[in-house]
Protein chains: 2
Amino acid sequence: MLNPWRLGLLSRLDTLGTIRAVAQDANMSASSVSQQLAVLEAETRTRLLERTGRRVRLTPAGLLLARRARAILDHMDTVEAELRGLTEDPVGLVRLGAFQSAIHTLAVPVVTRLAGAYPHLEVQLLELEPHESIPALRGGDADVIITATDFVELPLGPDLEIVPLATDPIVLVASPDRPVPRGPAVLSAYAGEPWALDVPQSYMANLTLRLCRESGFEPRVACRFSNYLMTLQHVEAGLSIALLPDLAVDRRYRVVTRELAMPVNRTIAAVVRRGSPLRAAVNLVLTALRQQPDAPALVDRPAQEAD
Amino acid sequence: MLNPWRLGLLSRLDTLGTIRAVAQDANMSASSVSQQLAVLEAETRTRLLERTGRRVRLTPAGLLLARRARAILDHMDTVEAELRGLTEDPVGLVRLGAFQSAIHTLAVPVVTRLAGAYPHLEVQLLELEPHESIPALRGGDADVIITATDFVELPLGPDLEIVPLATDPIVLVASPDRPVPRGPAVLSAYAGEPWALDVPQSYMANLTLRLCRESGFEPRVACRFSNYLMTLQHVEAGLSIALLPDLAVDRRYRVVTRELAMPVNRTIAAVVRRGSPLRAAVNLVLTALRQQPDAPALVDRPAQEAD
DNA sequence: CTTGTTTGTTCGGTTCTGCCGAACAACGAT
DNA sequence: ATCGTTGTTCGGCAGAACCGAACAAACAAG
């Protein structure tokens, strides 16, 4: 683990030229500076200094590290400043875009919770499907969006920051009156059932068709709805079964859900614009989204350490 | 000064959820983790943790810092990796672009010095004026360029990295046979002299005209050369005086130089492409450029520290 | 309601890192 | 040749970081 204080000493050595000057500038003794730089050399296992005459010069590696050190310290300063700017209480308007099934399971609870706790914060809710939410975010028409993809790593580019929220498994949903065995569902067992599908070419319709065909049958289409709630009603009435994202299954409907024997997971993530320091209000919404109790936690990175 | 080890603990807390898990993951006791996070809160003077029930949750500020911590640690890892990649000895071709007057004062000495010390390193020298060197660098036709501007902060964008090398003062140059008083030169004293100018619309010609006019006279144009060496010969012969960048004045010519009473300085800087890790050979050339003994050192940044 | 387990925090003692001053070695200027 | 300057090494000390134990609080189970 590279120590930034030592990096700062190296950077100062680059600009001031002599160890004594660095020591004076940092209110330390020259011996300490010498020792710390030696430690830095040991940690990085690289010769950074070169004794030439009675002074010291930076090796190519040392000079590179000195420049990079400045960038790192700037980075840390920026973060610190951003953190301080977050102290002020969150006020203003935050426009939160979410796709349909995320609205009532994620967005609405968050908005109601925040509305009670932060009276000066206004959260505007926009229904934006994944394909339209990214441009809206980039164009400044939304401040935070909730989107879903099949991959954990979204190829969105460096101008956007992704905050994973949860994984959303695709589940089989059926009426409790129907004979549905417990445990993970094997699709081929439902080959003869009437299926509720999304509208043609939509994400879920394509996915359902693909999974059914991979299981060896062509689903019998009982209906096509553009709205998950109508699908749920149809299923609840015992008229069909369907594949839906778990998030879309409102628990108020009398339906049973089963995970798939061949699991299919989407990643639900919040996205914000990067670059300018994050507004306190926006970060608050982000935090509230992550701390939804019913959303399964998502481990995103083990944060490896070096010595 | 924000401690990255502590930041790492915070990041792990974000992903693992509980302090004990962090302690186990980091081979520490839970008490230490708790203490270190408390220290982090004190250093940043911000509440990062929130006790909720018998576990702990991150506040909005804490969650923001955890995410930023990951970015910082990634940054440091990247630098470390780059540094390790620099250990291998520098081989290959480095194309160094420089403008005319920088070639024989900066570039050539560096190339000759490196040629002796690093037999596997090949440095190709290209004459590139400032206005054409930047596109050449961006287009991959050069690996390092030496350029000059009137401002220390070059508005080049985030894809290029600037390494200040020296400041280059504009000086008055005249034949030693001419009566030139010692000390800084006041231009109005040379109103009647014959002037050697660069070609019309060139940088130095425009600058000379502007400075003369600001001093209250129109210079009498004795000649116009596109090449500083020809100008120097003309001046040496006693036929004219001229304003030239100090770097352009080859000491082999029998001329005298005077600083200006109203100093005009250009900044000489090296520029490299940012983004991909720096090649060892390129960094070596960069280092050699910075360590030219006759180039006046340039203090670029005091590297401020916070506690 | 009580008990047991889990979680985070506080306290006292130990270990280790970081710092200083002095002494030392090398270089360069007078 | 002498002196001042620069960087490094060594012994000693202060403070930071760590651990284990004890404590407080919350949730689950009996």
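What you see is a predicted model, and the numbers here were worked out from it, not measured in a lab. Labels below follow one simple rule: chain letters A, B, ... track the order of the sequence lines, proteins then strands, and each chain is numbered from 1.
- For A/Thr46, the side-chain hydrogen bond (donor to acceptor under 3.5 Å, both in side chains) partners two or more places apart in sequence, or in a different chain, are A/Thr44.
- Looking at B/Ser32, its side chain never comes within 3.5 Å of a backbone N or O of B/Met28 through a donor-acceptor pair.
- For the residue pair B/Arg70 / B/Ser11, a side-chain donor-acceptor distance below 3.5 Å is found, with atom types taken as modelled.
- Atom CG in B/Leu40 sits roughly 16 Å away from atom P in C/dG8 (whole-Å rounding).
- Contacts of A/Arg51 with the nucleic acid, taken as non-hydrogen atoms under 4.0 Å apart, involve only primed sugar atoms and P, OP1 or OP2.
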Pairing pattern in dot-bracket form [Watson-Crick, G-U; both distances under 3.5 Å; | = partner strand] for DNA chain D | ||||||||||||||||||||||||||||||

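- Partners of A/Ala281 under the side-chain contact (heavy atoms from CB on, under 4.5 Å) rule, at least two apart in sequence or in another chain, are A/Pro90, A/Val94, A/Leu121, A/Arg279.
- By the side-chain hydrogen bond (donor to acceptor under 3.5 Å, both in side chains) test, A/Ser31 is found to be paired with A/Ser29, residues two or more places apart in sequence or in another chain being considered.
- Taking only distance into account, the side chain of B/Arg20 meets the base of C/dG8 through a donor-acceptor pair shorter than 3.5 Å.
- Using a 4.0 Å heavy-atom distance criterion, A/Gln35 is classed as a base contact.
- Look at CG on B/Leu49: it is 15 Å from P on C/dT7, rounded to the nearest Å.
- The CG-C1' distance, from A/Asn3 to C/dG18, rounds to 11 Å in whole Å.
- Atoms CG and OG1, on B/Leu58 and B/Thr52 in that order, are 12.0 Å from each other to the nearest 0.5 Å.
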Restricting both atoms to N or O, compile the protein contacts to nucleotides 26-30 of chain C shorter than 3.5 Å, with distance only.
residue : atom : partner : partner atom : Å
C/dC27  : O2   : A/Arg54 : NH1          : 3.2

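- Under the rule for a side-chain contact (heavy atoms from CB on, under 4.5 Å), the partners of A/Arg274 that lie at least two apart in sequence or sit in another chain are A/Glu161.
- At least one donor-acceptor pair under 3.5 Å links the side chain of B/Arg258 to the backbone N or O of B/Pro181.
- Remark: A/Asp246 engages A/Arg251 in a side-chain hydrogen bond (donor to acceptor under 3.5 Å, both in side chains) (not counting sequence neighbours).
- The side-chain contact (heavy atoms from CB on, under 4.5 Å) search around B/Pro60 returns A/Asn283, A/Leu284, A/Thr287, not counting sequence neighbours.
- Running 5' to 3' along DNA chain D, contacts with non-hydrogen atoms of chain A at under 4.0 Å begin and end at D/dG4 to D/dC10.
- Residue pairs meeting the ring-ring contact (aromatic ring centres under 6.0 Å, His included) criterion with at least one partner in residues 33-77 of chain B, sequence neighbours excluded, are A/His75-B/His75.
- Residues forming a side-chain contact (heavy atoms from CB on, under 4.5 Å) with B/Thr59 (at least two apart in sequence, or on another chain): B/Glu50, B/Ala61.
- A/Arg6 comes within 4.0 angstrom of the backbone, heavy atoms only, and of no base.
- Near-neighbour residues of DNA chain D inside residues 26-34 of chain A, defined by a heavy atom below 4.0 Å, number-ordered: A/Ser31, A/Ser34.
- No hydrogens or angles considered: nothing links the side chains of B/Arg55 and B/Thr18 as a donor-acceptor pair under 3.5 Å.
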